[in-house]
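Quick notes on the structure that follows.
What's counted below: heavy atoms across the whole structure, side chains too, no hydrogens, waters or symmetry copies. Numbering of residues begins at 1 and proceeds along the displayed sequence. Start at 1 and go down the list; that is how both ligands and their atoms are numbered.
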Amino acid sequence: MNIRIGNGYDVHALAPGLPLWLGGVQIESPLGCIAHSDGDVAIHALNDALLGALALGDIGKHFPDTSDEFKGIDSKILLERVMDLIWKEGWYVINADITIAMQRPKLAPYIVPMRECLAKLMEVPVSRVSVKATTTEKLGFVGRSEGCEVYAVVLLGRNENTSDCD
Ligand code: MG
């Protein structure tokens with residue numbers, strides 16, 4: 001079967017006064033992610049899911065947070081680079097499903113813009129990209145607004161006439 005599934009997970013700590021980027025969209029929030037990059041924890045989890053589907057390692061391997069090249073980098077650029085790897089191997093995204101766990105702010109107004117942004121970067125219709133948001137009912141580090149947690153699952157496909165051996 002020319003399909004592969006991948007899952008990704010990421011957490012960033014939150015702090016006051018930092019910009020908050022999720023799914024390629026800037027969110028109005030008193031808290032933002034502490035990070036080496038722009039801290040887009042949703043794109044980071046998605047990138048790990050994409051890399052994981054093809055057993056290509058993780059984003060720490062491809063974009064080390066010790067490198068000045070990635071300091072403050074727009075995570076959309078990282079997603080573009082991951083997609084180049086996916087396409088180079090002859091694969092494409094069938095669908096992606098992302099769950100963002102954050103206590104506040106409410107993310108509902110940003111769901112469609114996030115889906116549109118990610119779909120454009122992965123070159124799929126918006127209907128293939130799901131972004132969901134949940135709180136954790138004030139439980140745990142997410143509930144205390146100490147951090148933001150994201151889970152991502154992707155399914156990749158490859159044309160039938162491509163070798164299935166690698
Ligand atoms: Mg990260």
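Distances from the Mg ion (ligand 1) to the N/O/S atoms of Asp10 are shortest for OD2. The N, O or S atom of His12 lying closest to the Mg ion (ligand 1) is NE2. Distances from the Mg ion (ligand 1) to the N/O/S atoms of His44 are shortest for ND1.
When the shell of 6.0 Å around NZ of Lys132 is examined, it contains more than 12 heavy atoms from other residues, nucleotides or ligands. Asp84 CG: more than 12 foreign heavy atoms inside a 6.0 Å radius.
Between the side chain of Thr136 and the backbone N or O of Gly143, at least one donor-acceptor pair lies under 3.5 Å.
Using a cutoff of 4.0 Å between basic side-chain nitrogens and carboxylate oxygens, Arg128 and Glu116 are not scored as salt-bridged.
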